[in-house]
Protein chains: 2
Amino acid sequence: MQQRPRKKLEPGVRRRKKFGDKRQFILQKALSVFSQYGFHGSSIEQITTAADISKTNLFYYFKSKEVLYLTILENILNDWLVPIDSFSVEDDPRSALGKYIRRKLELSRDQPEASKLFCLEIIQGAPILKGYLNDELKPLIDEKSRVIQQWIEQGKLKPVEPIHLIFMIWSTTQHYADFSVQIKALTGKDLKNKAFFEETCQTIQQVILDSLVSP
Amino acid sequence: MQQRPRKKLEPGVRRRKKFGDKRQFILQKALSVFSQYGFHGSSIEQITTAADISKTNLFYYFKSKEVLYLTILENILNDWLVPIDSFSVEDDPRSALGKYIRRKLELSRDQPEASKLFCLEIIQGAPILKGYLNDELKPLIDEKSRVIQQWIEQGKLKPVEPIHLIFMIWSTTQHYADFSVQIKALTGKDLKNKAFFEETCQTIQQVILDSLVSP
DNA sequence: GTCTATATGGCGATAGAC
DNA sequence: GTCTATCGCCATATAGAC
């Protein structure tokens, strides 16, 4: 949004900014509820309590529960595709895969709720995301599988089924977000703990990379 | 379950068996609903439709939705602890871990709904399972971590944080159950496909074991 | 054991005052 | 923009006939 500095905002602009801020605030609180209980399992009242507003007020900002939910999902998907986009044939596999693992683990640390919501959606059969999986994710993954295949053909990577390698990276990194409660129960720690984060990242990188790349 | 016209009052034993059979049948149908939508997200009606019985009839077999759900969860946990119990210090790490990975992947293939229900419970904060995690799972995992640590001290395994190794095995194998919809969308296959199962198992074993055990 | 009918409560959503 | 009041629906669970 382009806007030169000024002492006073136009009344309309200021109102619109405030409107947008509050919308964002509600979205954030709603995500934390939906990511725990899913769409059907969450009630409007849980969300309004979390956001400290009235039910009527929420319906002023979002015309229905479904619109609220879809808005959140849309926002999440924007971030979701980014990190894997970052490697290509010219890259060194160890470095590229290592960075990708770290980037995914950072997402698990910084946006654990988005990860959980995504997980809930998939478990429920991806009623909303099915189109996204087929139309956007699949082409991207096919392309990245080809990159991995080329690394193998160039002798830079030991033979491995590319798609399973991708699944392994996804599952191991997302696990620390989706199963954080179990991990907290068994280790007493989570990814917010810097040492634990580094230890986790290093272990996943070590196990996955040492078996596939000659050191 | 189709009911046929009854001829005569069955003897007590057989009636009790029939009672148990129908309970089991309902539990199985209820699991398939709960494992998709979670406790709050599932309705009694969805379950009675799946089991082809009336709502009243369901309440004859289970006195409340909660009892039904708890019964299912209890049944699942019985199986859940078994496979990791199977390795100890005397074992060869490659063989023991390899078998454990295969066993876990078989569980993902044969009981995907149990895996999903467990996943949903954990995401929701494990309100019911918290006690189980602390009282039963943690002691068991601490013990198995010590086994892995001893393998490392004996030089049979390269240095690795035992708990992360366990998390990696859990996450990679359970992923094929919990995210089956995504996997189906991206590969067109699932673990019921024998070739796909073997390919998956082999890849996970290869990646995890080759980096940790000298061949 | 299974049915019809119904009690009871919570939820998503709207109307209308301010 | 926010509030109070309320509508209509659907969900869990029960009562009582057969």
Side-chain angles (χ1 to χ4, degrees), chain A residues 9-31 33-34 36-73 124 127-128, chain B residues 1-31 33-34 36-73 124 127-128:
Chain A
L9 293 172
E10 295 283 342
V13 172
R14 197 190 298 164
R15 204 185 309 123
R16 245 178 282 123
K17 180 178 186 311
K18 217 185 145 199
F19 181 84
D21 283 354
K22 184 152 180 183
R23 255 181 78 96
Q24 276 310 118
F25 179 76
I26 294 172
L27 284 170
Q28 178 200 318
K29 294 299 185 180
L31 168 58
V33 174
F34 281 135
Q36 254 196 64
Y37 305 104
F39 179 75
H40 293 288
S42 303
S43 75
I44 292 287
E45 197 149 8
Q46 279 177 286
I47 295 166
T48 56
T49 300
D52 196 32
I53 56 173
S54 69
K55 272 196 279 185
T56 342
N57 198 216
L58 185 144
F59 283 113
Y60 171 75
Y61 286 93
F62 299 90
K63 85 165 202 287
S64 71
K65 186 184 179 182
E66 206 178 1
V67 165
L68 174 59
Y69 184 78
L70 289 176
T71 308
I72 291 171
L73 217 50
Q124 293 188 13
I128 298 169
Chain B
M1 179 180 268
Q2 279 304 8
Q3 74 246 17
R4 33 182 212 295
R6 221 178 308 139
K7 300 174 192 166
K8 222 181 176 184
L9 203 64
E10 307 276 359
V13 173
R14 202 187 298 169
R15 203 190 308 128
R16 244 178 283 120
K17 179 176 185 312
K18 216 186 146 199
F19 181 85
D21 283 354
K22 185 155 181 182
R23 256 181 78 97
Q24 275 311 117
F25 180 77
I26 294 171
L27 283 170
Q28 177 201 318
K29 293 298 185 181
L31 169 58
V33 174
F34 280 135
Q36 255 196 64
Y37 305 104
F39 178 75
H40 293 289
S42 304
S43 75
I44 292 288
E45 195 149 9
Q46 279 177 288
I47 295 166
T48 56
T49 299
D52 195 33
I53 55 172
S54 69
K55 274 191 276 184
T56 340
N57 199 216
L58 185 144
F59 283 113
Y60 171 74
Y61 286 93
F62 299 91
K63 87 164 202 288
S64 73
K65 185 184 179 182
E66 207 179 359
V67 164
L68 174 60
Y69 184 78
L70 289 176
T71 306
I72 292 171
L73 216 52
Q124 292 188 12
I128 299 168

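Labels below follow one simple rule: chain letters A, B, ... track the order of the sequence lines, proteins then strands, and each chain is numbered from 1.
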Can you tell me the distance, in whole Å, between the OH atom of A:Y61 and the P atom of C:dA13?
-> 18 Å
Considering only heavy atoms of chain A and a distance under 4.0 Å, specify the first and last nucleotide of DNA chain D in 5' to 3' order that meet this criterion.
-> D:dG1 to D:dT4
With a 6.0 Å cut-off on ring centres, are B:Y61 and B:F19 close enough?
-> yes
Whole-Å distance between C:dA5 P and B:K55 NZ?
-> 13 Å
Here the distance between atom P of C:dG12 and atom NE2 of A:H40, to the nearest Å, is 11 Å
With DNA chain C as reference, determine whether A:K63 or A:E45 sits nearer its 5' end, using the nearest nucleotide of each.
-> A:E45
Heavy-atom side-chain contact between A:K22 and A:N57 under 4.5 Å | yes
Does a side-chain heavy-atom distance below 4.5 Å link B:T71 with B:R23?
-> yes
All side chain to side chain contact (heavy atoms under 4.5 Å, CB included) counterparts of B:Q46, not counting sequence neighbours | B:V33, B:Y37, B:S42, B:S43
Give the rounded distance in Å between these two atoms: CZ of A:F59 and P of C:dC11.
-> 12 Å
Rounded to the nearest angstrom, tell me the gap between atom OH in A:Y37 and atom C1' in C:dC11.
-> 17 Å
Just checking A:T56: base, sugar-phosphate only, or nothing, at a heavy-atom cut-off of under 4.0 Å?
-> base
Spacing of A:I44 atom CD1 relative to C:dT14 atom P, expressed in whole Å | 11 Å
Measure up the A:F39 and A:F34 rings against each other and bin them: parallel (under 30°), tilted (30 to 60°), perpendicular (over 60°).
-> parallel
Contact check, side chains of A:L27 and A:L68, non-hydrogen atoms, under 4.5 Å = yes
Indicate, with a heavy-atom threshold strictly under 4.0 Å, whether B:T48 touches base, sugar-phosphate, or nothing.
-> nothing
Within the structure shown, what part of the strands sits under 4.0 Å from A:K22 by heavy-atom distance: base, sugar-phosphate, or nothing?
-> sugar-phosphate
Set of residues satisfying side chain to side chain contact (heavy atoms under 4.5 Å, CB included) with respect to B:F59, sequence neighbours excluded = B:I44
How long is the line joining CD of A:E66 and P of C:dA13, in whole Å?
-> 8 Å
